[in-house]
Engineer: 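Once you've had a glance at the structure underneath, I'll fire off some questions.
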Amino acid sequence: CGEGMAVTAPDEIIIFPGQQEVQCGLLQTAGESGLIPLDQCVGLPPLLTICQCRSNTTPEPTPNNDNAQLNACPAANPPGCSVCGPGKCVGDPDAIFMFPGQPATPCGILEEAGLLGVIPIDQCAFLPPLIDTTCVCGTGGGVSTPAPIE
C-alpha cells in the first residue's frame, strides 16, 4: 500500500498477469518483510485499489505468547508450508540463511513466507536440509540452547 498505509481488505484477491492469485493481506506481509524487491514494491500502490489501502497510524497489537505457544510450531495455512519440514519450525529466527543467487534472509522471515504461501510449495520441499542447521529447525519454537560440554 505504501509508507504509512495498510490493507483494510486482507481477504480480497489480487491477480497480476503471469502470477498466482494472492490475498491482499499476504501481499502486505510480503512487502513489510522485504520479500518484494523495492523496485517492484514502489509501483504497487496504484494497482491495489481492491485491497482498500488506508492510513495506518495505530500500531498493531502484539500477541500475548504463553509457554504453550512458545513451544508449539506454527501451522501453515494452504498453500503454505513449513520451510523446516512437516511438524518442525525455525528455532533461531534471527539467524541469516544465505543461498547463491538469492538475498540473505533472516530465518524468521523465511519461515513466515513459507507459512503464508509466498514460497512455492515445490521450492519449499527442498529447503529443510538446506536450512536445518543455520535456522536451528526443531519441533518447538524459540532458540534452543545447546547442552553444556563436559
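All residue numbers in this chain count up from 1 along the given sequence. Please read these numbers as outputs of a predicted model, since none were measured by experiment.
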Engineer: Tell me if the SG of Cys89 lies under 2.5 Å from the SG of Cys84.
Structural biologist: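 No, the SG atoms are not under 2.5 Å apart.
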Engineer: Are the side chains of Ile119 and Leu127 in contact, using a 4.5 Å heavy-atom criterion?
Structural biologist: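 Yes - at least one pair of side-chain heavy atoms lies under 4.5 Å apart.
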Engineer: Mind jotting down which residue pairs meet the salt bridge (charged side-chain N to carboxylate O under 4.0 Å, His left out) criterion with at least one end in residues 74-89? Sequence neighbours excluded, please.
Structural biologist: Lys88-Asp132
Engineer: CG of Asp11 to CD of Gln23: how many Å apart, nearest 0.5 Å?
Structural biologist: 5.0 Å
Engineer: For the residue pair Leu115 and Pro74, what are the closest heavy atoms and their distance?
Structural biologist: CD1-CG, 3.5 Å
Engineer: Are Leu110 and Leu130 connected, step by step, through hydrophobic side chains (Ile, Leu, Val, Met, Phe, Trp, Tyr) whose heavy atoms are closer than 4.5 Å?
Structural biologist: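 Leu110 and Leu130: one cluster.
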Engineer: So do the side chains of Pro128 and Val83 get within less than 4.5 Å of each other, counting heavy atoms only?
Structural biologist: no
Engineer: Looking only at atom types and distance, does a side-chain atom of Thr8 sit under 3.5 Å from a main-chain N or O of Ala6, one as donor and one as acceptor?
Structural biologist: no
Engineer: Should Ile96 and Pro106 count as side-chain neighbours, where that means a heavy-atom distance under 4.5 Å?
Structural biologist: yes
Engineer: Please tell me if the side chains of Ile14 and Leu27 come closer than 4.5 Å, counting only heavy atoms from C-beta onward.
Structural biologist: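 Side chain of Ile14 against side chain of Leu27, heavy atoms only: contact under 4.5 Å found.
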Engineer: Between Asp92 and Cys107, is a side-chain contact (heavy atoms from CB on, under 4.5 Å) present by the stated rule, with each step listed?
Structural biologist: CA-CA 7 Å; Asp92 187 355; Cys107 293; 5.9 Å; no
Engineer: Using 0.5 Å steps for rounding, measure from the CD atom of Glu12 to the OG1 atom of Thr49.
Structural biologist: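 One finds 10.0 Å between CD of Glu12 and OG1 of Thr49.
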Engineer: To the nearest 0.5 Å, how far apart are CD1 in Ile131 and CZ in Phe99?
Structural biologist: 12.0 Å
Engineer: Please check if Val118 and Val22 belong to a single hydrophobic cluster, counting links between Ile, Leu, Val, Met, Phe, Trp and Tyr side chain heavy atoms closer than 4.5 Å.
Structural biologist: yes
Engineer: For the CD atom of Glu111 and the CG atom of Leu116, what is their distance to the nearest 0.5 Å?
Structural biologist: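 Reported value, rounded in 0.5 Å steps: 10.0 Å.
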Engineer: How long is the gap from CD1 on Ile13 to CD on Glu21, to the nearest 0.5 Å?
Structural biologist: 6.0 Å
Engineer: In Å and rounded to the nearest 0.5 Å, what is the CG to CD distance from Leu26 to Glu112?
Structural biologist: 9.5 Å
